[in-house]
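Notes follow once the structure below has been shown.
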Amino acid sequence: MNVLYLVRTWPLLHGDYIFREVAWMKLHGHGLAIAATESLPDEYNGRELLSQYGLESVPELLLEDDPDPFERLLAFANRHRIELIDAHDGRGPAEIALEIFDRAAIPFTVRFQGGDVHSSPSPRIREISAAARALCPISRFLAEILTGARIGCRRPPHMPVDVDRDRLRICPHGMPADVIAREP
């Protein structure tokens with residue numbers, strides 16, 4: 001399967017879980033590409049880790065400062081025959097993945113970090129949740145806020161969302177195996 005990791009920044013020094021995951025996917029024969037919405041100053045990025053994990057040849061696209069990134073991202077996805085977008089963050093990357101899904105029907109998953117759910121959810125979180133193949137909060141706490149199961153906490157805007165429980169996966173940091181093809 002050809003997977004596009006759509007992330008806020010790449011390579012992220014403090015996110016080595018993603019290096020391990022992408023390396024595992026590559027080792028198992030999956031096609032990979034990375035698109036980032038922002039860059040980091042050199043002293044904060046983990047570019048030197050790419051070779052440590054064998055990822056220096058993974059195609060990358062930086063969308064920073066592009067007022068309309070969709071055409072470039074769609075061309076990049078088509079060039080690499082992307083079959084699934086894995087959006088890391090429920091705001092920028094997930095909103096872009098939703099737009100790509102609407103334009104080109106490329107399915108996507110979303111990894112929800114803390115602020116994506118409990119303090120600063122996307123205004124489009126209901127649309128994102130309805131369209132995503134899998135919703136992957138990184139903790140049970142976030143899953144409960146997302147679905148409204150957490151009683152007694154302040155409800156963030158646009159919460160809870162109506163979630164088909166079969167698409168909800170708690171993923172501390174890793175793609176759920178059942179949303180990717182068993183064979184490349």
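We number each residue from 1, following the sequence as shown. Only this structure's heavy atoms are used, side chains among them; waters, hydrogens and symmetry mates stay out.
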Check: Asp89 main-chain N/O paired with Gln113 side-chain donor or acceptor under 3.5 Å:
no
Assess, by modelled atom type and distance only, whether the side chains of Ser39 and Glu64 contain a donor and an acceptor separated by less than 3.5 Å.
yes
Heavy-atom pair of closest approach, residues Ile128 and Ala94
CD1-CB, 3.9 Å
Examine distances only and state if a side-chain atom of His28 and a backbone atom of Trp24 form a donor-acceptor pair shorter than 3.5 Å.
yes
Could you tell me whether the side chain of Val3 reaches within less than 4.5 Å of the side chain of Met25, counting heavy atoms only?
yes
Partner residues of Glu127 under the salt bridge (charged side-chain N to carboxylate O under 4.0 Å, His left out) criterion, sequence neighbours left out:
Arg124
Heavy-atom closest pair, residues Ala97 and Leu6
N-CD2, 3.8 Å
Could you check whether the rings of His88 and Tyr5 sit parallel, tilted or perpendicular, using 30° and 60° as the cut-offs?
tilted
Do Leu4 and Ile34 come close enough that some side-chain heavy atom pair is under 4.5 Å?
no
Charged N-O contact under 4.0 Å between Arg111 and Glu21:
yes
Distance-minimising heavy-atom pair for Ala33 and Val58
CA-CG1, 4.0 Å
Show the nearest heavy-atom pair for residues Leu98 and Ala131, with the distance to one decimal.
CD1-CB, 3.7 Å
Side chains of residues 67-77: which donor-acceptor partners sit under 3.5 Å, not counting sequence neighbours?
from  : atom 1 : to     : atom 2 : distance (Å)
Glu71 : OE2    : Arg103 : NH1    : 3.1
Arg72 : NH1    : Asp66  : OD2    : 2.9
Arg72 : NH2    : Leu62  : O      : 2.9

For Pro93 and Val7, the nearest pair of non-hydrogen atoms, with its separation, is CG-C, 3.8 Å
Could you grab the distance from atom CD1 of Ile96 to atom CD1 of Ile100, nearest 0.5 Å is fine?
8.0 Å
Taken to the nearest 0.5 Å, the spacing of Phe112 CZ from Ser122 OG works out to 8.5 Å
Donor-acceptor check, side chain of Ser120 to backbone of Asp116, threshold 3.5 angstrom: yes or no?
no
Are Leu55 and Pro11 side-chain neighbours, meaning at least one heavy-atom pair lies under 4.5 Å?
no
From Leu135 CG over to Leu142 CG, what is the distance, rounded to the nearest 0.5 angstrom?
12.5 Å
Show your working on side-chain contact (heavy atoms from CB on, under 4.5 Å) between Leu84 and Met1 and close with a plain yes or no.
CA-CA 8 Å; Leu84 178 72; Met1 174 171 260; 4.2 Å; yes
For Arg91, the salt bridge (charged side-chain N to carboxylate O under 4.0 Å, His left out) test, sequence neighbours excluded, returns none
Which heavy atom of Ile106 sits nearest to which heavy atom of Ile85, and what is that distance?
CG2-CG1, 3.8 Å
State the CD-CD1 distance between Glu95 and Ile125, to the nearest 0.5 angstrom.
9.5 Å
Rounded distance (nearest 0.5 Å) linking atom CG of Leu168 with atom CG of Asp166
10.0 Å
Would you say that Lys26 contacts Ser57 through its side chain, given a criterion of any heavy-atom pair below 4.5 Å between the two side chains?
yes
Flag the pair Phe19 / Trp10 as yes when their ring centroid distance falls below 6.0 Å, and as no otherwise.
yes
Sub-4.5 Å side-chain heavy-atom contact between Asp86 and Phe108
no
Are side-chain N/O atoms of Ser51 and Glu56 paired as donor and acceptor at under 3.5 Å?
no
From CG (Asn2) to NE2 (His80), nearest 0.5 Å:
9.5 Å
